[in-house]
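Naming convention: chains lettered A, B, ... in sequence-line order (proteins, then strands); numbering from 1 in each chain.
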Amino acid sequence: MAEKMQLCNISENNFEQCTKCSICTTVCPVAAVTTDYPGPKQAGPDGARYRLKDKAYYDKMLKLCLNCKRCEVACPSDVHIADIIQRARMSASEGRRASLRDTLLANTDLLGTVANLVAPVANATLGLKPTKLVMHSVMAIDKHRTFPAYSRTKFETWFKRHAASQQDAFSNHVSYFHGCYVNYNFPKLGQDLVKLMNSIGYGVHLLDKEQCCGVALIANGLFKQAKRQARVNATSIRQAVNGDGRTVLTTSSSCTFNLRDEYPAILDVDTSDVRNSIMLATRFIYNLVDEERIKLVFKKDYKRRIAYHTACHMERMGWQLYSIELLRMIPGLDLQLLEQECCGISGTYGFKKENYERSQAIGSILFKHIEDAQVEAVATDCETCKWQIEMSTGLPVENPISILADALDVEATRLANNLTNN
Amino acid sequence: MRMDTVIMGGGLSGLTCGIALAKRGQRVTIIASGQSTLLFNGGSMELLGSIDGQAVMAPLEAIPTLPQDHPYSKIGASRIAALANEAKELLADANISMEGNAEVNHWRVTPMGVAKPAWLTLSENLRIDDLAKLPAKHVALMCIRGFFDQPNGMLAQGLQKLGFDVKRIEFTTDDITALRRSPSEMRAASLAKHLVSNNALQRVADQINTLAGDAEMVLLPSVLGQNDESYFKALESMVNKPLRLIATLPPAVAGSRMQTLLRHYFQMLGGNYLMGDTAVSGNFEDGKLLSVTTAKLGDMPLRADNFVLATGSFVSRGLIADYERVYEPIFNLDVDADSDRELWTRFGILEPQAYSRYGVATDNELRCLKQGKPIQNLRAIGSVLSGHDAIKMGDGTGVSLLTALAAAQSTLQGKR
């Protein structure tokens with residue numbers, strides 16, 4: 001009887017477990033810079049009680065939530081505060097259409113496909129003052145922002161032309177969920193991963209069909225489309241994991257978090273059967289080294305001082321340890337750890353005119369820490385943190401995979417792993 | 001992943017132990033399931049404040065009289081003075097400036113205006129060395145309009161009772177008024193985040209300087225500086241009378257800052273701090289713990305030579321009470337707790353409660369017991385330990401700090 005009562009006493013997203021301690025509010029980056037946002041306790045578990053009674057209690061200021069998950073990380077009672085807030089936003093958005101601006105920003109792959117075709121033109125015009133002003137006033141995309149440059153060649157195209165044919169020769173294999181950023185903006189990161197994996201004896205393969213993971217769709221309230229894309233990705237990942245027996249690697253912390261945790265928690269797309277096989281490449285590689293199944297040999301003359309920034313979703317996943325410990329293996333790398341603070345961009349949030357000032361105010365603490373660290377570059381596993389930190393500090397920001405690939409002595413590593421030239 | 005030591009729990013005891021080990025070159029990872037109860041601390045540490053309802057003023061003299069099952073007795077009453085010194089130095093190294101000593105307790109003032117014996121108190125807080133000789137007679141109690149976290153009436157009454165001549169002064173500034181737009185968050189932490197520019201602090205100082213009249217000392221709720229004490233220092237230099245802060249209701253700005261500074265120091269020493277992760281199970285062999293599995297690291301457990309359990313008491317879920325029993329949720333270690341549920345609590349919330357002395361059973365080297373046998377390389381520290389009572393004895397923070405340092409010493413000496 002007693003046991004039954006406890007089993008029944010489980011609330012959606014644990015909201016009944018909230019003890020009203022208010023610790024979440026002390027770490028909320030949005031509440032710290034604006035009084036318009038009621039803070040995570042009020043927006044999440046407190047508000048949920050009212051909303052259960054009547055949907056009219058929905059507070060439209062919940063749109064200010066970054067979904068950075070810092071509240072969930074801080075919660076001593078394991079209440080899924082940010083999930084409660086996203087669920088409330090989703091429920092309030094039913095039957096409403098997102099604005100053109102939000103739809104465009106959210107559709108990173110549609111935008112990317114068009115922009116790739118006209119990359120030189122897109123890069124030139126998106127950077128021009130008149131274009132920026134039109135975007136600012138007509139589209140409400142903030143004029144201070146520079147769109148990440150679009151690559152002329154998609155990663156997928158590069159891969160098919162230059163890498164795909166060599167991958168079957170390896171004796172071990174992984175699949176790669178590259179994400180929109182690698183595909184349209186920064187194929188080099190994908191190329192770095194292929195270089196790194198190939199050097200340790202792993203062939204890299206694309207998924208049958210990859211669509212944008214949908215993190216921006218969720219943030220912009222396009223939940224139906226996010227669900228559609230999630231189902232496509234889930235099918236492809238299942239094929240890779242169950243059909244081909246491959247782990248699916250990623251290089252973006254937010255994509256990873258979305259695929260593993262937000263699909264079931266927010267979109268009701270269950271990926272639990274393959275969740276353990278979706279992981280950041282740094283976790284996969286760290287584990288191979290840790291189990292002494294591979295060796296990494298680094299260049300002797302490599303010397304850099306870099307600060308590591310833990311992206312909010314990275315901390316929520318709890319995997320920063322792998323990226324940090326891998327980077328610490330590079331003898332010539334002086335790695336400075338930055339205190340975990342939100343950079344303020346949160347995907348597309350900071351691109352919106354109405355959020356720009358808030359976004360920069362949120363990030364200001366982190367920017368100050370970076371300045372104090374006196375480094376030549378910043379490492380982080382999140383691409384939107386990269387844009388924000390590069391724009392706000394002027395320092396280059398690199399993914400740990402790129403840093404590893406750059407520091408790696410490829411020939412010595414291949415030899416150490418008994419790979420002959422093929 | 002292999003570490004020298006893995007610590008479960010990232011609050012005061014876990015961080016103190018982690019710092020002591022990392023300082024000696026160990027590779028340490030701390031698993032912290034959310035923020036700790038240090039955030040409820042208003043800025044004081046207590047070694048021992050009370051025995052059987054009587055205030056203790058000389059803790060080092062009283063500690064040898066404690067029962068054998070008290071954590072201080074287990075680590076050895078003769079070691080307390082040295083460990084207390086080490087703890088004070090460690091806090092100072094983390095940039096937490098506290099005053100006080102282990103020989104003589106001073107008095108801290110609670111948010112309700114009650115004086116309680118304390119060992120260390122933040123330099124910025126009101127501290128009374130001798131109740132017969134108050135640091136000032138006439139004090140201006142500055143009350144922020146609309147502020148949630150300070151019961152002004154009770155506080156003023158309490159201060160009067162202590163002998164202060166209290167003038168209650170309500171004030172606000174444009175910055176503070178703007179905060180009231182959010183009806184639910186006029187809290188100490190929110191104020192601390194907004195009172196950070198020199199201009200905002202100057203406006204507070206102007207109000208104080210205008211309104212404090214002939215008071216000898218100004219008292220302000222502790223709402224300054226979530227990450228460092230520089231904001232207090234800035235305001236202090238702008239106010240033309242001595243300024244002291246009074247702890248607020250939790251979450252406290254001072255506790256939040258101490259947590260941040262300790263974590264920062266630990267990470268600076270190369271420690272890994274996994275915030276928001278939870279240890280879920282362990283792999284034992286021949287009376288030793290080989291590895292710990294966490295919720296987030298999943299199928300890649302953390303292996304280590306030594307492990308420390310610093311998961312806290314019931315509120316931090318280091319101990320769980322359900323309808324039938326009290327248990328330790330990660331390893332199902334032995335607990336010192338009554339099996340009869342009727343004995344857990346007694347009527348009257350202010351009465352001593354049996355459950356507050358419950359905790360994990362350990363031997364005299366703080367090694368955890370499982371089915372009566374000590375786990376060679378798993379030590380328990382802080383609030384998860386049995387035999388002490390943070391509320392009634394005022395020994396919570398002291399036990400956290402001192403058992404952490406004692407466990408770090410045993411770990412380094414390889415006492416397995």
Rounded distance [0.5 Å steps], CE in B:Met1 versus CG in A:Asn287: 8.5 Å
Side chain / backbone / both / neither for A:Asp46 at chain B, heavy atoms under 4.5 Å: neither
Given A:Met317, A:Arg316, A:Glu315, the one that forms side-chain contact (heavy atoms from CB on, under 4.5 Å) with B:Lys296: A:Arg316
A:Glu339 CD: over 12 foreign heavy atoms closer than 6.0 Å: yes
Distance, nearest 0.5 Å, that separates NE2 of B:His194 from OG1 of A:Thr34: 7.0 Å
Crowding at CD, A:Glu291 (>12 non-hydrogen neighbours, <6.0 Å): yes
Engaged part of B:Leu191 at the chain A interface, taking heavy atoms whose separation is under 4.5 Å: neither
Flag if over 12 foreign heavy atoms under 6.0 Å of CD1, B:Ile391: no
A:Gln320 portion near chain B, given a 4.5 angstrom heavy-atom threshold: side chain
Residue A:Thr310 versus chain B: region with a heavy atom under 4.5 Å: neither
B:Met300 CE to A:Met279 CE distance, which is reported to the nearest 0.5 Å: 4.5 Å
Best-contacting candidate, B:Gly276, B:Ser316, B:Ala189, B:Pro251, against chain A by heavy atom pairs under 4.5 angstrom: B:Pro251
Top of B:Asp277, B:Leu297, B:Leu39 for chain A proximity - count of heavy-atom pairs under 4.5 angstrom: B:Leu297
Contact class of A:Arg283 relative to chain B, heavy atoms under 4.5 angstrom: both
Non-hydrogen atoms of B:Arg181 and A:Thr35 that approach each other most closely: NE-OG1, 3.5 Å
A:Ala31, part contacting chain B, at a heavy-atom distance under 4.5 Å: backbone
More than 12 heavy atoms of other groups within 6.0 Å of A:Lys20 NZ: yes
Residue part contacting chain A, namely of B:Ala178, when any heavy atom lies under 4.5 Å: backbone
Which atoms of B:Ser36 approach chain A - backbone, side chain, both or neither, heavy atom under 4.5 Å: backbone
Which of B:Arg263, B:Arg2, B:Arg317 touches chain A most, by non-hydrogen pairs under 4.5 Å: B:Arg317
Atom group of A:Cys28 that falls short of 4.5 Å from chain B, counting heavy atoms: backbone
Portion of B:Phe40 that has a non-hydrogen atom of chain A nearer than 4.5 angstrom: side chain
Part of A:Cys21 within contact of chain B (heavy atom distance under 4.5 Å): both
Contact origin within A:Val27 toward chain B - heavy atom pairs under 4.5 Å: both
Per-residue contact mode, A:Tyr37 against chain B (heavy atom under 4.5 angstrom): backbone
Inter-residue atom distance B:Met3.CE - A:Leu321.CG, 0.5 Å rounding: 5.5 Å
Close side-chain approach of B:Arg187 and A:Thr26, heavy atoms under 4.5 Å: no
Side-chain donor-acceptor pair present, A:Glu325, B:Asn272, cut-off under 3.5 Å: yes
